Each structure stands twice: as C-alpha cells, then as structure tokens.
Asks: 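Can you read through this structure? Questions will come right after.
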Amino acid sequence: MADTLLARFLRYVQIDTQSAEGNPDIPSTPGQWDLLRLLESELKELGAQEVTLTEKGYVLATVPATTDKSGVPIIAFMAHVDTAHEFSGRNVRPLVHRQWNGKPIHLPQDVAQVLDPAVHPDLLTAVGKDLVTASGKTLLGADDKAGVAIVMTLAAYLLEHPEIKHGKIRLCLNPDEEVGRGVAGIELDEIGANAAYTFDGENPGEVVWETFSADSALVTVRGVSTHPGTARKYGMVNAVVLAAKLLSALPREGISPETTDGRQGFIHPYKMEGGVEHVTLHFILRDFEEAGLADKRERLRRLCRGLQAAEPRARIDCRFSEQYRNMGYWLRKDMTPVDLASEAMRAVGLTPSSPPIRGGTDGSRLTERGLPTPNLFCGGHNPHGPLEWVAVQDMELAVKMGVELAQLWEQKGAGYKGYPVKRKKA
Ligand SMILES: [Zn+2]
C-alpha cells in the first residue's frame, strides 16, 4: 500500500493547484481542474460508483456498502485539492528521502532552506521513515494532497476488499479551502452523508473537533479632504490620522495574534488602505467561545464610538460579518463521530489527541450547516511554505485508521442521526 500511496502523492503534488484570493470563480484557479479531472478518472478506474465532477469543481463518488445490516450511517471522507497562495506551488519537485537518517536536509534549489530536527523537533518522529520534502523553491502541497492521496488510497483499498464490512461511503474532493470557500459550492445533499471527516490535520492521532469561531470587521473612516496648504481654513479631517489613532488605542497584550496562544482569542487588523478622505481597516476577530467573540466585537465598536465622539466631523462606520463557528458547539451534542475516530486511532496503535485548532476548516462550515465534520490527521507538517514535509508511513497510518473507522461505523454507528440525507428520487 505504501508504494501506491507514495506514487499517488507524488503525482498529485506536481500539478499546480494553488487557489487565489479575490477571484470569484469556483474553483478560483483553472489548475485545480487538472487535478479534479485526474481524480475523477482515477476513481472511475478504481471501480468507484456515482463518480461525478460537478460544474463547480467537486469530485464526488461512492464506495458501495458491503454490509447487509440496515441503518448503518453513511459517512464521507473529504480532502481539498488546492494549495496555499502564500508560497509558490508551481513546478513542485518532490524529493523522497528513504529511511531518513535524521541529518539536516538542505533543499537543493535553495540551500538556505534547511530541515533540521534541532529547529523543527517534530522531525524527530520521522527518523527512519520515508520523508518527502519539496526542493526549496516551492511548497510541497502536502496540505492537502496528503489528504487527497489518503482518501484515494482508502477508497481503492475498500473497493479491493469487499470482505471488509462497512456501510455506504461517500468521497468528496473539493477546491478552494485555502481561500475560505472550500464548501461554498456544494449542497449537503450532494455530499449525501450523515457525518463526514476531512483529512487535513497534522500529527498522527489528531481528531480535531474544536475550531475558532470567526467574524470579520470592516471599519471605514471618512474624513474631509482639503488642500493641505489651506487645511486649517477649510477644516481638513485626516482619515489616515484617525485610523492610526484607532489602531494605537487597540490593546495588544493578550488580545493580538502575536501575544496569544492556546484557547485565547484575538482581534487582528490585517489590512489598511486609503488616504486623507477615506480609510478602510480590515480586521478578523477570533475566539473559541461566542461570548468571547461578542466581547471582541463590543471592544472594537466602543473604540469606533470613542473616535467618532472625539471627531464629530468624521464618519466612522463599523460592520461585522460572520465567517464560521466553532464546530464543537454542534459536535458536543453527539460525540459519536469523534469517539469512533478516536477508537480508530487506538486500533492502529496511535494515541488520539484533540487539540483545539486556532483556525477554521471546511468542517467548521459543514458542521454549522448540519453535517458533523471533525478533522483527522494526514501527517503533513510546516504547511504553506518551502519546509513542508510528510512521512509516507504517517500517511499510511491515516489510511489504515480510515479502514478501521469505516468498520467501526458499521459495528457501532446504528441509530446515529447526524445530517438527515434526503433520498434521491427514483
Ligand atoms: Zn489544508
């Protein structure tokens, strides 16, 4: 299995599927179609059923049930085909370091890029394993092509082994996770499962069921623009100065990304543009709890009100948009998907861990919409940059864990409700 898994992974990472912010198309870049079409044809070859590639770039397929039992929930396995936009994903040249000896690796296309266990202690878990890295000029794309290779290998394995008892399994490979629109172009009934899992986590054993709750805020400051030579006479109100005041009034210690970790949330100004007449400030607000998020909205609102009161000639406007919510709110009501995943981890010799994730996943949005979707490990590390790496044996463990998970749902899942899948009309 390790060989086909590795071959798949190497095939997928060499296709440039970087997604792009700001492009309203779904998928946001044409390169993603290349991989999506390849996956569609590979699934057909493997003998998967109901293989479709939707107009919006989602590959869907079915591994039919092998059990006679009725009432076994349908589960879905998911991964995203796009890679991050922060670092080049073009002409990825993956390198395989067989039975890696643990010595620092200087990536050949940029020897300043070094994978050194002294700097990246997670690498110690990869000594003796087959390590895959990029070559220095690009990211590797293990986020999330490790997940894609895992889902594909898992499907192939189950299709080849009908003696393994499991219920109906749906597969969904989606675009544009990295630009926050990974599940914007799909209906839950298209996925067609009662519960789902994304393979998009890091360390072996991870079953993530808590993510941030997230809002964005857009603050606009309107000033009064005049010629600077006659600014006093005509009453210039400088939006740039007011925006700077707002930012300097924002507390930092314990409430900015740079000063928080663990379960703390933050307010993060990440973009500012404009001039004397008009400035826009873009913020993201994060917290694990709704109350904490509401408190952060209130803090920002209060600062805007204060600024407005101090300069009545300006117009300060503050608008919030909801981005996603902590999947824990819904999963806590019925932990079956998490419990079975943890049991599957133990069955392959891993210790399950559930660190709260300081970000969101496609599963955050799916869970909020009604499809419970925890996130499982796929073994990738240092995502979004040139020092990304993954060990083949860790990906293989994820596949084996997935096989266990499918069987556990067959054995113990009866009665689970999850998302109420609508039956297709005949
Ligand atoms: Zn990812």
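All values derive from a computational prediction rather than experimental measurement. Each ligand, and each atom within it, is numbered from 1 in the order the structure gives. Positions are given from 1 along the sequence.
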Asks: Check R325 with D215, please: is the shortest side-chain N to carboxylate O separation under 4.0 Å?
Replies: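 Salt bridge: yes.
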Asks: Hey, is the main chain of E210 close enough, under 3.5 Å, to the side chain of N326 for a donor-acceptor pair?
Replies: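 Flag not set: sc N326 to bb E210 has no pair under 3.5 Å.
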Asks: Mind checking whether F212 and F288 have ring centres under 6.0 Å apart?
Replies: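 So the answer is yes for these two rings.
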Asks: Quick check: of its N, O or S atoms, which one does D143 have closest to the Zn ion (ligand 1)?
Replies: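 It is OD1, the N, O or S atom of D143 closest to the Zn ion (ligand 1).
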Asks: What angle, to the nearest 10°, do the atoms OD1 (D200) and NE2 (H80) form about the Zn ion (ligand 1)?
Replies: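 Taking the Zn ion (ligand 1) as the apex, I get 100° for this pair.
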Asks: Less than 4.5 Å apart, side chain to side chain, heavy atoms only: is that true for R93 and Q109?
Replies: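 Yes, their side chains come closer than 4.5 Å.
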Asks: Any N/O/S atom, side chain or main chain, of E178 closer to the Zn ion (ligand 1) than 2.8 Å?
Replies: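 False for E178.
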